[in-house]
Amino acid sequence: MPMSDATTTLMRLMALTDSAFPVGTFSFSNGLETAADTGLVHDAATLEAFARDVAHQAATTDGVAALHAWRSYRRDDFDGIVGADHQAILCKLNTEARLMSCRMGKKLAELHTHTAEDATVARWLAEIGTGRTPGTYPVAQGIVFAACGIGEHELFCSHQYGAVNTVLNAALRCVRVSHYDTQRILLRLSAETQALYAEAADMDCDDMYAFAPQLDILASLHEKGTKRLFMN
């Protein structure tokens with residue numbers, strides 16, 4: 001029996017959300033090593049607080065950009081996609097965050113153009129090549145998910161899952177926590193995703209805010225730190 005469209009879409013969603021999807025998400029940690037080295041994150045409770053801050057900052061910046069890119073793709077508004085891309089990069093206050101986002105965004109667009117034909121994604125990738133747009137990961141997610149027929153709610157959940165899991169997976173290597181701890185944290189933070197979606201879904205690109213000074217300071221220290229397992 002051939003797969004239904006719904007089944008195919010679900011399989012594609014799972015592939016795009018998988019940490020093993022080859023865009024490089026496993027290379028980054030949102031600066032967790034520095035948080036662990038300074039003692040800010042040292043157990044399950046402090047890890048959960050750190051991951052929650054990462055999730056909220058991601059929701060009100062990259063999450064908004066992803067949703068606007070998805071909606072712009074759906075209404076054939078290429079300028080809207082580019083606008084969301086430029087606004088997303090402005091919310092990245094440190095070099096590693098910008099590098100991470102652009103590297104992963106370009107890679108996702110390249111993967112999609114090699115596996116499926118889509119004029120909008122191909123045009124956006126060409127604009128990245130000319131330097132007219134930065135090519136951030138959330139915007140790549142938005143247009144690729146839209147091209148695959150995946151809904152915006154699923155897009156946001158996938159985005160949040162990825163943001164939280166970069167931290168939790170890294171924590172298993174540099175914080176005294178177990179798989180049981182990280183899965184409990186993931187379950188609790190997942191229950192908060194709907195509220196974050198409701199907030200981000202009503203925000204315009206100009207409303208994006210990345211105010212999480214502690215995270216930004218840790219990220220800046222990580223750039224020149226000596227205790228590093230990940231790029232960011």
Side-chain angles (χ1 to χ4, degrees), residues 1-26 28 55 58-85 87-88 100-125 127-128 133 135-166 169 186-187 189-205 208:
M1 179 187 302
M3 290 194 296
S4 68
D5 289 342
T7 303
T8 304
T9 301
L10 177 58
M11 291 293 288
R12 191 61 179 153
L13 171 62
M14 293 171 67
L16 289 167
T17 305
D18 192 339
S19 61
F21 193 68
V23 294
T25 54
F26 58 87
F28 302 98
T60 57
T61 54
D62 286 357
V64 177
L67 291 175
H68 277 273
W70 186 93
R71 294 167 185 171
S72 296
Y73 178 99
R74 299 268 293 184
R75 61 175 180 263
D76 198 23
D77 176 12
F78 191 78
D79 288 341
I81 293 171
V82 173
D85 203 19
Q87 195 65 27
M100 172 186 74
S101 189
C102 293
R103 218 179 245 183
M104 290 165 53
K106 182 179 180 182
K107 179 56 67 176
L108 178 54
E110 288 174 343
L111 278 168
H112 187 75
T113 56
H114 277 84
T115 56
E117 293 185 7
D118 187 274
T120 301
V121 178
R123 180 183 175 187
W124 186 67
L125 184 58
E127 294 288 283
I128 295 170
T133 198
T136 61
Y137 186 55
V139 170
Q141 286 182 301
I143 60 178
V144 168
F145 275 57
C148 292
I150 301 171
E152 71 165 60
H153 187 263
E154 290 80 2
L155 161 66
F156 188 83
C157 290
S158 176
H159 159 263
Q160 281 285 290
Y161 180 85
V164 171
N165 256 335
T166 58
N169 288 339
L186 179 60
L187 185 63
L189 295 187
S190 295
E192 300 171 11
T193 302
Q194 180 59 38
L196 291 175
Y197 170 70
E199 180 180 357
D202 288 337
M203 292 172 64
D204 292 326
C205 283
M208 289 185 201

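Here the structure is a predicted model, which means the values were calculated and not measured. Numbering of residues begins at 1 and proceeds along the displayed sequence.
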(message) How close do Leu111 and Pro22 get, counting heavy atoms only, and between which atoms?
(response) CD1-O, 3.4 Å
(message) I'd like to know if the side chain of Asp85 reaches the main chain of Ile81, judged simply by a donor and an acceptor atom lying under 3.5 Å from each other, with no hydrogens or angles considered.
(response) no
(request) Return yes if some donor-acceptor pair links the side-chain N/O of Trp70 with the main-chain N/O of Ile150 below 3.5 Å, else return no. (result) yes
(message) Would you compute the distance between atom CZ of Arg74 and atom OG1 of Thr120 and round it to the nearest 0.5 angstrom?
(response) 12.5 Å
(request) Starting from the C-alpha separation in whole Å, work towards a yes-or-no answer on side-chain hydrogen bond (donor to acceptor under 3.5 Å, both in side chains) for Asp118 and Tyr73. (result) CA-CA 11 Å; Asp118 187 274; Tyr73 178 99; 2.4 Å; yes
(message) Do Thr136 and Ser101 pair up side chain to side chain, a donor and an acceptor below 3.5 Å, judged on atom types alone?
(response) no
(message) Whether the side chain of Thr113 engages the backbone of Glu110 through a donor-acceptor N/O pair (distance < 3.5 Å, no angle test) should be reported.
(response) yes
(message) Within the 3.5 Å criterion, strictly below it, is a donor on Gln87 or His68 matched to an acceptor on the partner's side chain?
(response) no
(request) To the nearest 0.5 angstrom, please state how far the CE atom of Met11 sits from the OG1 atom of Thr9. (result) 11.5 Å
(request) Give every residue pair that meets the salt bridge (Lys or Arg N to Asp or Glu O under 4.0 Å) criterion with at least one member in residues 61-73, sequence neighbours excluded. (result) Asp62-Lys92, Arg71-Glu152
(request) Spell out, as yes or no, whether a donor-acceptor pair under 3.5 Å connects the side chain of Thr166 to the backbone of Ala163. (result) yes
(message) Minimum heavy-atom separation for His159 and Ala58, please, with both atom names.
(response) CE1-O, 3.3 Å
(message) Using the rule given for side chain to side chain contact (heavy atoms under 4.5 Å, CB included), can you reason through Tyr161 versus Thr193, listing the C-alpha separation, both sets of side-chain angles and the distance that settles it, and then say yes or no?
(response) CA-CA 9 Å; Tyr161 180 85; Thr193 302; over 6 Å; no
(message) Between Phe78 and Trp124, is the side chain to side chain contact (heavy atoms under 4.5 Å, CB included) condition met? List the steps.
(response) CA-CA 8 Å; Phe78 191 78; Trp124 186 67; 4.0 Å; yes
(message) One pair to check against side chain to side chain contact (heavy atoms under 4.5 Å, CB included): Gln141 and Leu108. What are the steps and the verdict?
(response) CA-CA 8 Å; Gln141 286 182 301; Leu108 178 54; 4.0 Å; yes
(request) To the nearest 0.5 angstrom, please state how far the OG1 atom of Thr133 sits from the CZ atom of Arg123. (result) 11.0 Å
(request) State, to 0.1 Å, how close Ala66 and Leu155 come at their nearest heavy-atom pair, and which atoms those are. (result) O-CD2, 3.5 Å
(message) If the condition is side-chain hydrogen bond (donor to acceptor under 3.5 Å, both in side chains), which residues does Arg12 pass it with, not counting sequence neighbours?
(response) none
(message) In the structure I gave you, are the side-chain heavy atoms of Thr7 and Asp5 within less than 4.5 Å of one another anywhere?
(response) no
(request) Would you name the heavy atoms of Pro138 and Ala88 that are closest together and state the gap between them? (result) CG-CB, 4.4 Å
(message) Filter on salt bridge (Lys or Arg N to Asp or Glu O under 4.0 Å), then keep only pairs touching residues 191-204, sequence neighbours left out; what's left?
(response) Arg52-Glu192
(request) Write down the atom of Leu196, the atom of Ala59, and the distance for their closest heavy-atom approach. (result) CB-CB, 4.0 Å
(request) Please answer whether the main-chain N or O of Glu154 pairs with a side-chain N or O of Ser158 as donor and acceptor at a distance below 3.5 Å. (result) no
(request) Mind checking the SG-CD1 spacing from Cys102 to Ile128? Nearest 0.5 Å is all I need. (result) 8.0 Å
(message) I want to check something: taking the side chain as every heavy atom from C-beta on, are Cys148 and His112 in contact at a cut-off of under 4.5 Å?
(response) yes
(message) Let me confirm one number: the CG-CD distance from Asn165 to Gln160, rounded to the nearest 0.5 Å.
(response) 11.5 Å
(message) Distance check, rounded to the nearest 0.5 Å: Tyr137 atom OH versus Met100 atom CE?
(response) 10.0 Å
